[in-house]
Amino acid sequence: MEKPTDQEIIESVKKGNQSDYSLLIDRYKNKAFPLLVRMLKNELEAEEVLQDCFLKAYNSLKDFRYEAKFSTWFYKIVYNTALSKLSAKKRKIESGMLSIDDQLHLESKENFRILEQKDISNFVKNLINQLPSKYASVISLFYLENMTCKEISGVMGLSVTNVKVILYRARNAFKDVILKNKFAEELL
Amino acid sequence: MNLLNDEILNKYIDGELEPSIIQKVNEMLKSSEEYQKRLKALQLVHEGLKNITGIKTSPNFTFVVMAKIKSRMKKKKNDIYFIYSITSILISICLIITGFVLSNINLTTKTTSRLTHIMNTYLNYIIFFNDKMKDILNPNIILMFGSITTFGIIITAYLFYENHKRTQTELNKIR
């Protein structure tokens, strides 16, 4: 049996089948969660914010006109809610939202050894946690949600060029750590 | 293109370069071990990022969200019922008063004299209320007036309290 599309689920919820919304939650909860964790750097807080995002989306569902994909619309809610949360907690957003002209400096944990390809994933996973929110968001949306730069620009309200610059900067920062630790030579 | 900078290498990995430039990049890569190292490092990052496994929410996440939605919907429904009932009571009172006033106006009177007639009727009512004011000291009337006023105050206070509670919850969420 084919899975219902997002549009079919939304129409069903709009018609009053409230419980069908759980299908959308199941579909997007584990996709949006990593983005929030990377932005807020706290899993408990991220889960709480994600619940709020689903409630907000449910309340606004009647106004959803399919001008964008549901996923893009929902990630926009998630991203903006996370920004509000960061702002409300009086964290310095500037520190998390570096200008794209700023340089990224990341450091690897000492004694980290890369013996196999899978170790690289763990290695970069640790580095992502050091990234400022904006960079972490772009990386999460691009690699975990498989979104295009255009879709990410729609979610984050940035130009496609800026998204690409952020993506390249993040990758370059990771690359510098890899080169510094001579991991590339080990795997060459 | 004399140098292979990181931007070009990133575009090379993403397949965003023109075929002619790809050929040049390949040639430059063959000629320099330094470029190969940088490309390898970027490819490692790209592959590493692609293979990252996502973090998962708690198992009862969907259940919790659905429970919250249901509870909010129920509360919203109750609020709507409450507002409807109060509104319908007020409308009924207004209709009764209007009906009572209209029933005392002779609608068959000609339009020109009708206004005078309405004015006279209202004047009569004012005189009537003036007379009735003399009876205001009647304990039954005071009791009725007090009950209605108290009812009104209670409703206003409840609505104010609910509104305050909702605002407080919203503020807590932001915090």
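First the proteins, then the strands, lettered A, B, ... as listed; each starts at 1. For the numbers below, each heavy atom of this structure counts, side chains included, while hydrogens, waters and symmetry mates do not.
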> Quick one: which of B/V65, B/D6, B/L9 has the most heavy-atom pairs under 4.5 Å with chain A, could you say?
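Option with the top pair count is B/D6.
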> Do A/N172 and B/L42 pass the side chain to side chain contact (heavy atoms under 4.5 Å, CB included) test, and can you show the C-alpha distance, the side-chain angles, and the key distance before you say yes or no?
CA-CA 7 Å; A/N172 292 342; B/L42 277 173; 3.6 Å; yes
> Do B/I93 and B/F82 sit in the same hydrophobic cluster, where Ile, Leu, Val, Met, Phe, Trp and Tyr count as joined when their side-chain heavy atoms come under 4.5 Å apart?
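Each belongs to a different hydrophobic cluster.
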> Can you tell if the side chain of A/Y168 reaches within under 4.5 Å of the side chain of B/I13, non-hydrogen atoms only?
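No. Closest side-chain heavy atoms not under 4.5 Å.
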> Report whether A/V160 and A/I152 are members of the same hydrophobic cluster (ILVMFWY, side-chain heavy atoms less than 4.5 Å apart, transitive linking).
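A/V160 does not cluster with A/I152.
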> Once rounded to the nearest 0.5 Å, what's the spacing between atom OG of A/S19 and atom CD1 of B/I69?
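Rounded to the nearest 0.5 Å, the OG-CD1 separation comes out at 10.5 Å.
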> Compare every heavy atom of A/S22 with every heavy atom of B/T62, then report the nearest pair and how far apart it is.
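Taking every non-hydrogen atom into account, CG2-CB, 3.7 Å.
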> According to a hydrophobic-cluster definition based on side-chain heavy atoms being under 4.5 Å apart (Ile, Leu, Val, Met, Phe, Trp, Tyr only), do A/I77 and A/F70 belong together?
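In one cluster with A/I77: A/F70, yes.
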> Short question: side chain of A/N30, backbone of B/T57 - any donor-acceptor pair under 3.5 Å?
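Yes; judged by distance alone, with no hydrogens or angles, the pair exists.
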> Do you know which two heavy atoms are closest between A/F33 and B/K56, and how far apart they sit?
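Shortest heavy-atom separation between A/F33 and B/K56 comes out as CE2-O, 3.3 Å.
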> Does the side chain of B/F61 come within less than 4.5 Å of A/E47's, by heavy atoms?
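Result yes, sub-4.5 Å side-chain heavy-atom pair found.
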> OG/B/S58 to CD/A/E43 distance, rounded to the nearest 0.5 angstrom?
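Reported to 0.5 Å precision, the distance equals 10.0 Å.
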> May I ask you to name which of A/Y58, A/F54, A/Y21 has the most heavy-atom pairs under 4.5 Å with chain B?
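Counting heavy-atom pairs under 4.5 Å, the top option is A/Y58.
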> Is there a side chain to side chain contact (heavy atoms under 4.5 Å, CB included) between B/R72 and A/N59 once you walk through the steps?
CA-CA 10 Å; B/R72 281 198 185 186; A/N59 289 334; 4.2 Å; yes
> What part of A/L50 gets closer than 4.5 Å to chain B, counting heavy atoms only: side chain, backbone, both or neither?
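Both parts, backbone and side chain.
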> Do you know which two heavy atoms are closest between A/R171 and B/L49, and how far apart they sit?
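Shortest heavy-atom separation between A/R171 and B/L49 comes out as CG-CD1, 4.4 Å.
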> Hey, is B/E16 close enough to A/K164 for a salt bridge, meaning N to O under 4.0 Å?
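Judged by the 4.0 Å cut-off on N to carboxylate O distance, B/E16 and A/K164 do form a salt bridge.
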> Just checking A/Q51: does its CD atom have more than 12 heavy atoms from other residues, nucleotides or ligands closer to it than 6.0 angstrom?
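Yes, CD of A/Q51 has more than 12 neighbouring heavy atoms, counting only those of other groups under 6.0 Å.
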> Kindly work out whether a path of hydrophobic side-chain contacts (I/L/V/M/F/W/Y, heavy atoms less than 4.5 Å apart) joins A/Y79 to A/L55.
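They do share one cluster, since a chain of ILVMFWY contacts under 4.5 Å joins A/Y79 to A/L55.
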> Against chain B, label A/N146 side chain, backbone, both or neither, depending on which of its atoms sit under 4.5 Å from a heavy atom there.
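The answer is neither part of A/N146.
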> Please state whether the side chain, the backbone, both or neither of A/E48 comes within less than 4.5 Å of a heavy atom of chain B.
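A/E48 has no heavy atom closer than 4.5 Å to chain B.
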> Looking only at non-hydrogen atoms, find the nearest pair between B/M66 and A/Q18 and report the distance.
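Closest approach of B/M66 to A/Q18, heavy atoms only: CE-O, 3.3 Å.
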> If I compare all heavy atoms of B/A41 with all of A/K175, which pair ends up nearest, and what's the gap?
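For B/A41 and A/K175, the tightest heavy-atom pair comes out as CB-CG, 3.5 Å.
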> With a 4.5 Å cut-off on side-chain heavy-atom distances among I, L, V, M, F, W and Y, is there a chain of contacts connecting B/I22 to B/V25?
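Same cluster.
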> Is any residue of residues 74-81 of chain B within less than 4.5 Å of chain A by heavy atoms, and which ones?
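Residues in range: none.
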> Can you tell me if A/Y66 has over 12 outside heavy atoms packed within less than 6.0 Å of its OH?
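Atom OH in A/Y66 is packed in, count exceeds 12.
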